A.B. asks: 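Got a structure for you, questions after.
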Amino acid sequence: MLLPGTLELLILKAVSLGPLHGYAVLLRLEQLTGSALLIEQGALYHALFRLEEKRLLKGTWGISDNNRRAKFYELTAAGRRRLKSDREGWDRLAEVMRAALAATKSEV
Amino acid sequence: VWGRLLSWISSLGGLIGRSRAERDLADEAAFHLRARTEHWIGRGHSEREASRRARIEFGGLESYKEGGRDAKGFRFVDDMRGDLRYGWRQLVASPALSVVAVGILAVGIGATTAVFSALDATMWRPLPVERPFDLREIVILRSSGRVETSFVYPVFAHLRDHATSFSDIVLFDRHDQINLGIRGRARLAPGLAVSGNFLRGLGARMALGRPLAPEDDRADAAVVAVLTHGGWRRLFDGDPAALGEAITINGAPATVVGVTAAGFDGVEPGRPVDVLAPLMPLGTALYPNGLPFTDGRRRQYELMGRVREGISDDQARTEAARLAQQAAAGAGLSSESVSTLGLRDGSQGLESLRVEYGPQLRLLMGISAAILLIGCANVAGLLVARAAARNREMAVRLALGASRGRLLRQMFTECFLLGSLGSAAGIGLALLLRGYLMPLLNQDSAPLDLVLGLNVRLLLLSLGLLGGVGFLCGLLPALHVMRRDLRPSSARGLPRMATDRPRLFAGKTLISLQLALSMVLLTSAFLMARSLINLRGEYLGFEPDRVALFTVNPGLSGYEDTRALDFYARVVDRIAVLPGVQSVSISRYPLLSGEALRVIMGPETGGEEMEVHRNMVAPRYFETMGIPLLAGREFTQADREKAPSVAIISQSLARVLGGATIGQRISVLGREADTEIVGIVGNARFTSVRATTPPTLYLPWSAAYRRGAGPQMTFAVRTVGHPASLMPDIRRALEDVDPLTPAFNLTTQVEQNARSWRRERVFTGVIVGAAVLTVLLACLGIWGTLSYSVARRTPEIGVRMALGAHRGDVVGLVARESFVSVLAGTLVGLTGAVVATHLIEAFLFGVGRLDPVAFGSAVATVFAGAAAATWLPARRAAAVDPVVALRQE
């Protein structure tokens with residue numbers, strides 16, 4: 001299960017390693033998360049469209065490895081900044097959550 | 001909302017872009033599915049199974065596309081189109097309401113647009129020349145505060161030659177009638193005598209040929225002329241062969257060298273000229289008698305200048321004033337003659353038109369804007385009433401998950417749809433209306449011919465009106481939607497009693513205001529109508545039926561003195577023998593044309609000073625005009641030589657002179673008391689129907705020709721049949737005598753009379769129309785509000801009837817709702833009318849400003865309309881079936 005907002009962050013991360021078409025994003029995400037997260041494919045594309053509309057991703061039509069017309073997504077400058085800030089935010093949240101959940105009775 | 005509408009419009013144009021986006025969406029999904037299918041094939045599945053798995057994983061294709069559109073912002077467009085379709089269905093579903101609403105808006109928008117276009121043409125449109133905003137009209141400011149626009153020639157010449165703050169100073173003088181000989185025929189046309197630099201100085205553009213040049217404006221130059229575009233169309237039917245053609249200007253041969261570009265018809269918007277001719281070589285042809293045209297005493301010419309870039313108005317004015325003083329001194333004139341110069345904005349030409357019509361146009365603009373506002377209020381009322389009827393639908397849509405914002409948008413979309421239809425119809429109406437608008441404002445009989453075309457300002461107005469109308473109409477229904485209790489009333493426990501007081505109160509105040517305005521307009525309308533009836537029925541002292549009129553000015557063809565009188569005699573003889581002519585005569589001034597010669601009589605005879613109208617008339621004039629001869633005789637041919645030693649006087653003059661009798665001698669034209677009274681005639685209106693009949697002195701027609709070229713004279717021809725049918729014969733008879741002296745102002749006395757109250761007639765039409773409209777609107781408003789109220793109170797009415805109320809009680813219940821607002825509106829309206837009728841007092845004739853008949857009729861009309869508008873909803877309320885009404889609860 002995905003927390004809201006995490007899918008977009010994951011996509012930004014996936015694409016940050018180089019331009020990918022939609023299907024490759026899916027594969028990359030499965031690879032990055034070790035298939036631990038179930039990603040709905042329709043939702044993935046909707047997220048891609050949203051990110052493109054927000055100008056965090058830039059989509060261009062190109063040719064895939066097996067010579068088919070595919071749309072490739074890459075990070076824009078804004079996307080890169082967003083990835084950085086969201087990642088820091090996520091790290092902080094994870095840290096806080098972990099600390100909070102790890103608290104023992106004596107610490108309260 | 002407005003911006004959204006625009007974006008919707010633009011997205012209509014962007015449908016191509018949109019279809020590409022749709023294709024991209026599909027392509028991307030296809031690519032994914034193929035890649036995924038191959039993935040599963042690679043895992044050992046059959047192609048069929050692989051494809052099935054891929055599709056299942058991917059999910060619904062439609063929801064994928066929906067999400068794509070959503071993300072890409074197409075959702076709004078789709079919704080908008082849905083709203084429009086839905087709105088259109090709503091309009092079609094209640095056609096009566098839609099037609100009424102569109103009609104109301106169309107009238108308001110049409111009237112506003114028409115008046116605005118007139119206002120635009122008179123007040124705001126710059127002259128179609130280069131850099132019009134550098135142009136200034138040069139005027140003389142008198143210490144009395146009066147502004148004069150006429151200069152003497154020496155001042156112009158000095159300014160033109162020495163002014164450095166102006167790049168050009170041009171001179172012009174309007175001639176209402178120039179006798180043009182074109183292709184062997186004489187045509188009278190308005191023209192300007194101008195300085196040679198006129199066209200270039202103003203920066204006018206040419207359609208054909210060349211503009212006038214300074215070299216054309218020398219006394220020894222060959223006479224050339226430039227036609228204005230309008231003149232070229234009128235005089236030459238737009239024939240390009242006109243260029244280079246030889247014409248005559250008041251008899252002087254001239255050559256056409258150019259035609260101005262379309263739109264440039266002189267410097268006075270609304271008073272176009274046909275021909276522009278240089279002053280110097282034409283001088284004596286244009287100014288045949290009196291002072292030489294360059295004389296320092298002929299204060300005649302108007303000046304405009306183009307201020308150089310970077311020169312302030314103050315600098316320019318100071319320099320011009322200094323030069324004018326020098327010129328006046330040089331020409332031996334008192335410096336008082338140019339005392340203080342002033343500059344006025346000349347970008348739109350002369351200011352006179354703006355000054356003359358501005359206030360009237362603004363008043364009209366106010367009336368039409370008020371009509372439009374009332375119309376919007378009404379449409380809003382109608383829409384609220386309908387929205388109330390749609391409560392259930394709205395509630396269902398809310399329950400199904402529509403947001404309030406969505407419903408609001410729906411409401412406004414419908415209003416803009418109505419507004420757009422209203423605008424389209426209104427602009428059509430404006431095109432029809434504008435032809436009638438300018439005659440309404442035209443005070444004299446001079447042609448006021450404005451080009452009322454579409455332009456950017458008009459377009460902006462239309463868009464602004466559309467936005468404003470859509471917003472105003474949508475506001476009330478939108479508030480209705482925003483109310484919280486938008487659930488079907490069945491969801492509430494108790495039938496709704498009169499819980500809507502505040503909102504209904506707003507509606508009722510609106511109705512009172514509308515009724516008040518209707519009252520004001522209705523009262524004015526009745527007053528105007530009564531005046532018009534009085535004007536038409538007024539006994540004028542002469543018989544206007546079956547009299548044809550036309551005017552000739554032989555002076556423009558070079559006739560002078562006795563030659564002119566002989567010319568008249570020949571024309572009279574010629575026409576007298578035409579079949580169908582009863583009698584013919586001539587006079588200096590036609591009756592009811594507004595023209596007259598007013599002189600002060602009395603002191604020379606030692607009597608009281610008094611104002612007397614004077615006319616010069618030929619034999620049989622009184623017979624022709626049907627003015628009764630009370631004593632003595634008419635003038636005879638023999639009197640031609642005796643003028644001014646014989647006179648005929650009106651009955652009222654006889655009375656003022658202390659009972660003058662035939663044979664008595666009086667003093668006229670400042671001479672000894674040697675003029676013999678040979679006749680006494682009945683009193684006849686002279687300048688207008690309104691003016692009380694003045695004492696009138698008639699002298700023989702030859703008295704008008706004491707020296708030089710005489711003035712124009714008007715022929716009166718009494719016919720046996722309809723006078724208009726004789727016009728061609730008359731024209732031919734005149735051409736037989738001299739083809740180069742044309743008749744103008746061909747008309748009949750009946751038409752002449754009608755023209756003298758034309759303004760009253762048109763104003764009456766406008767006010768009656770506005771009154772009828774506002775009364776109808778107000779009634780519609782009453783009807784709408786009451787219908788709404790009845791719809792809401794149906795359960796309550798049901799309860800009341802179930803408890804034993806009679807139909808009469810129910811009718812009373814509804815009627816009471818409107819009674820107070822009607823009464824309040826009427827009272828406020830009466831007060832308003834008492835004040836407002838001051839404004840039209842000048843138009844009234846034979847009826848008092850506070851005429852009880854007019855006021856009574858207005859009250860009766862308002863009550864009748866209000867009663868009718870109340871009756872329909874009341875009847876519906878009375879028809880409520882208590883069983884059905886309660887079951888609804």
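Predicted model only: the values in this text are computed from it and were never measured. In what follows, chains carry the letters A, B, and so on, assigned in the order in which the sequence lines appear, proteins first and then strands, with residues in each chain numbered from 1.
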A.B. asks: Is it true that A:Arg69 and B:Asp27 have a side-chain N and a carboxylate O under 4.0 angstrom from each other?
C.D. replies: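 Yes, this pair counts.
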A.B. asks: Indicate whether the side chain of B:His32 and that of A:Tyr45 have a donor and an acceptor atom separated by less than 3.5 Å.
C.D. replies: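 A pair is found: one side chain offers a donor N or O, the other an acceptor, under 3.5 Å apart.
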A.B. asks: Which atoms of A:Leu51 are under 4.5 Å from chain B, going by heavy atoms: the side chain, the backbone, both sets, or neither?
C.D. replies: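 No part of it gets close to chain B.
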A.B. asks: Using a cut-off of 6.0 Å, state whether more than 12 heavy atoms not belonging to A:Asp65 lie near its atom CG.
C.D. replies: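 Atom CG in A:Asp65 is not crowded, with 12 or fewer foreign heavy atoms closer than 6.0 Å.
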A.B. asks: Which region of A:Leu26, side chain (C-beta onward) or backbone (N, CA, C, O), has a non-hydrogen atom less than 4.5 Å from a non-hydrogen atom of chain B, or is it both or neither?
C.D. replies: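 Side chain of A:Leu26 only, per the 4.5 Å heavy-atom cut-off to chain B.
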A.B. asks: So does B:Tyr86 have more than 12 non-hydrogen atoms from other groups sitting under 6.0 Å from OH?
C.D. replies: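 Counting other residues, nucleotides and ligands, OH of B:Tyr86 exceeds 12 neighbours.
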A.B. asks: How about CZ on A:Arg68, more than 12 heavy atoms from neighbouring residues, nucleotides or ligands closer than 6.0 Å, or not?
C.D. replies: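 Buried by this count: over 12 neighbours within 6.0 Å.
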A.B. asks: Between A:Arg98 and A:Glu95, is the closest basic N to carboxylate O distance under 4.0 Å?
C.D. replies: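 So A:Glu95 pairs with A:Arg98 through a salt bridge.
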A.B. asks: Could you list which of residues 40-58 of chain B have a heavy atom closer than 4.5 Å to any heavy atom of chain A, in residue-number order?
C.D. replies: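 Near chain A, by residue number: B:Ala54, B:Glu57, B:Phe58.
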A.B. asks: Tell me the residues of residues 73-85 of chain A whose non-hydrogen atoms fall below 4.5 Å from those of chain B, in number order.
C.D. replies: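 Within residues 73-85 of chain A, the residues that come under 4.5 Å of chain B (heavy atoms only) are A:Tyr73.
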A.B. asks: Examine distances only and state if a side-chain atom of A:Arg28 and a backbone atom of A:Ala14 form a donor-acceptor pair shorter than 3.5 Å.
C.D. replies: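 At least one qualifying donor-acceptor pair exists.
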A.B. asks: Are any non-hydrogen side-chain atoms of B:Ile109 and B:Leu466 less than 4.5 angstrom apart?
C.D. replies: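 Not touching, per the 4.5 Å side-chain cut-off.
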A.B. asks: Determine whether B:Cys376 and B:Leu105 satisfy the following criterion, side chain to side chain contact (heavy atoms under 4.5 Å, CB included), listing intermediate values before the conclusion.
C.D. replies: CA-CA 7 Å; B:Cys376 286; B:Leu105 294 180; 4.3 Å; yes
A.B. asks: I'd like to verify something: which residue of A:His21, A:Glu40, A:Arg50 has the highest number of heavy-atom pairs under 4.5 Å with chain B?
C.D. replies: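 The candidate making the most pairs under 4.5 Å is A:His21.
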A.B. asks: Going by the angle between their ring planes, with limits at 30° and 60°, are B:Phe412 and B:Phe416 parallel, tilted or perpendicular?
C.D. replies: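 Aromatic pair B:Phe412/B:Phe416 classed tilted.
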A.B. asks: Closest heavy-atom contact between B:Gly470 and B:Cys415?
C.D. replies: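 For B:Gly470 versus B:Cys415, the nearest heavy atoms are O-CB, 3.5 Å.
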